[in-house]
K.L.:
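Pasting a structure below so you can have a look.
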Amino acid sequence: ALLAETRAALHRRPALAGAASAQAALAGLEAARAQAADPGFVLLAHAGACPERALARFAPDALGLEDPAYAEAAAHRVPQVPPSGFGTLVLIVKLTRRCNLRCTYCNDWREGEGNAMTPATQALMLRRIAEDAATASVRLIWHGGEPALLGARRMLGFLWLQARLLRPGQRVGHSDR
């Protein structure tokens with residue numbers, strides 16, 4: 001019920017919708033409707049219309065994020081100084097090679113274990129972004145497989161890492177092109 005009310009409030013007030021990543025997080029919640037009683041998803045709904053920054057308030061285990069990389073990220077000291085420059089970093093990120101489309105021109109998809117970026121690698125990438133004080137904004141272009149095949153929990157994990165590891169004031173955008 002809480003999840004449905006949060007979604008309804010966002011639809012009544014489009015200005016609350018925030019960034020595209022917030023919309024993506026809410027879409028992930030919709031896809032995980034069966035897990036609505038899960039405490040991690042309830043916390044995400046409480047985080048409001050812009051969960052990508054609010055997620056940093058929660059401990060990883062409260063969100064059901066069990067990989068040791070999340071505990072390490074929680075202990076990591078993030079630079080609290082806003083970016084000093086105006087640079088934009090554009091990264092093409094292949095979160096997974098798993099794909100269910102089987103396009104005739106593509107020979108890059110893979111199945112099975114070892115074909116998705118681990119939370120430890122995601123955390124390393126985000127820590128390196130935060131280390132660069134000249135980077136004021138980051139654009140992550142999702143390339144390769146279909147990230148939605150990783151499931152809502154893994155996407156929630158990436159958004160949590162992003163909220164926890166980036167500098168205050170660093171802006172992040174997500175796209176597929």
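We use all heavy atoms of the structure for the numbers below, so side chains are in, but hydrogens, waters and symmetry mates are not.
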K.L.:
Taking atom CG of Leu126 and atom CZ of Arg164, what is their separation to the nearest 0.5 Å?
P.N.:
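If we round to the nearest 0.5 Å, Leu126:CG and Arg164:CZ are 12.0 Å apart.
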K.L.:
So which atom in Pro82 and which in Arg167 form the shortest heavy-atom distance, rounded to 0.1 Å?
P.N.:
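Closest pair (atom of Pro82, atom of Arg167, distance): O-NH1, 4.2 Å.
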K.L.:
Mind listing the closest non-hydrogen atom pair of Ala134 and Ser84 along with its distance?
P.N.:
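The answer is N-OG, 4.4 Å.
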K.L.:
Under the side-chain contact (heavy atoms from CB on, under 4.5 Å) rule, collect the residues that match up with Leu89, sequence neighbours excluded.
P.N.:
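Leu89 satisfies side-chain contact (heavy atoms from CB on, under 4.5 Å) with Leu91, Ile129, Thr135 once adjacent residues are dropped.
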K.L.:
Once you round to the nearest 0.5 Å, how far does NE2 of His143 lie from CG of Asp176?
P.N.:
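His143 NE2 to Asp176 CG: 11.5 Å, rounded to 0.5 Å.
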K.L.:
Over 60° means perpendicular and under 30° means parallel, so tell me whether Trp142 and His174 are parallel, tilted or perpendicular.
P.N.:
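Taking His174 first and then Trp142, their aromatic rings lie parallel (interplane angle under 30°).
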K.L.:
Side-chain atoms of residues 67-77: list all donor-acceptor pairs with protein atoms under 3.5 Å, sequence neighbours left out, distances to 0.1 Å.
P.N.:
from	atom 1	to	atom 2	distance (Å)
Asp67	OD1	Ala69	N	2.8

K.L.:
Could you measure the distance from the SG atom of Cys106 to the CZ atom of Arg97? Nearest 0.5 Å is fine.
P.N.:
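CZ of Arg97 is found 9.0 Å from SG of Cys106.
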K.L.:
Can you tell me if Arg139 uses its side chain to pair, donor with acceptor, with the backbone of Val90 under 3.5 Å?
P.N.:
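Looks like no, no N/O pair under 3.5 Å.
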K.L.:
For a quick test of reading the model, state the closest non-hydrogen atom pair linking Ala130 to Gln170 and the distance between them.
P.N.:
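For Ala130 versus Gln170, the nearest heavy atoms are CA-OE1, 3.7 Å.
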K.L.:
Is there side-chain contact between Leu124 and Thr121, with heavy atoms separated by less than 4.5 Å?
P.N.:
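Heavy-atom side-chain distance check fails, nothing below 4.5 Å.
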K.L.:
Could you report the tightest heavy-atom contact between Asn100 and Leu149, atom names first, then the distance?
P.N.:
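That closest heavy-atom pairing would be N-CD1, 3.7 Å.
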K.L.:
Could you grab the distance from atom CG of Asp132 to atom CZ of Arg127, nearest 0.5 Å is fine?
P.N.:
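Here the interatomic distance stands at 15.5 Å.
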K.L.:
Examine distances only and state if a side-chain atom of Arg98 and a backbone atom of Asn115 form a donor-acceptor pair shorter than 3.5 Å.
P.N.:
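A pair under 3.5 Å: no.
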